[in-house]
Amino acid sequence: MRLTFLGTNSGNGECPAVYMTDRGTIVVQGKIIEDREALGDLVNLAADETAVEIPQELLPFFPQR
């Protein structure tokens, strides 16, 4: 899989960021959610999945269909 950078709201080159893959999917870069209560709110989280937190300011970088 290859990633194409779409954008960030960070001025210092660190996370968070949004990417498009060559498979037509979106990848987000953000803070790993480790709070067990928050993780418990996720629906159907598979063993090979995780969740990351991103600010709403990144939403404009998501492609529109």
Side-chain angles (χ1 to χ4, degrees):
M1 174 172 46
R2 299 299 305 178
L3 304 179
T4 300
F5 176 76
L6 297 179
T8 184
N9 69 341
S10 174
N12 60 3
E14 295 180 2
C15 71
V18 178
Y19 302 85
M20 174 69 79
T21 73
D22 60 357
R23 301 191 291 193
T25 58
I26 302 294
V27 171
V28 295
Q29 174 183 330
K31 300 286 184 184
I32 296 172
I33 298 173
E34 296 178 350
D35 180 288
R36 293 223 178 258
E37 188 172 328
L39 290 172
D41 292 335
L42 295 170
V43 178
N44 301 325
L45 185 67
D48 64 343
E49 295 178 331
T50 191
V52 297
E53 182 178 15
I54 62 167
Q56 289 186 18
E57 292 80 18
L58 282 185
L59 295 179
F61 294 111
F62 283 77
Q64 302 298 310
R65 290 195 173 239

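Basis for what follows: all heavy atoms, side chains included, without hydrogens, waters or symmetry-related copies.
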Could you pull out every donor-acceptor pair under 3.5 Å between side chains of residues 36-49 and any protein atom, sequence neighbours left out?
from, atom 1, to, atom 2, distance (Å)
Glu49, OE1, Ala46, N, 2.9

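Looking at residues two or more places apart in sequence or on another chain, you find a side chain to side chain contact (heavy atoms under 4.5 Å, CB included) between Thr21 and Met1, Leu3, Arg23, Thr25, Val27. Taking the side chain to side chain contact (heavy atoms under 4.5 Å, CB included) definition, one finds that Glu57 meets it with Asn9, Pro55, sequence neighbours left out.
Identified under the ring pair (Phe, Tyr, Trp, His ring centres under 6.0 Å) test for residues 16-52, with sequence neighbours left out: Phe5-Tyr19.
Hydrophobic side-chain contacts under 4.5 Å tie Leu58 into a cluster, directly or through other members, with Leu6, Val18, Met20, Ile26, Val28, Val52, Ile54, Leu59, Phe61, Phe62.
The shortest side-chain heavy-atom distance between Gln29 and Cys15 falls under the 4.5 Å cut-off.
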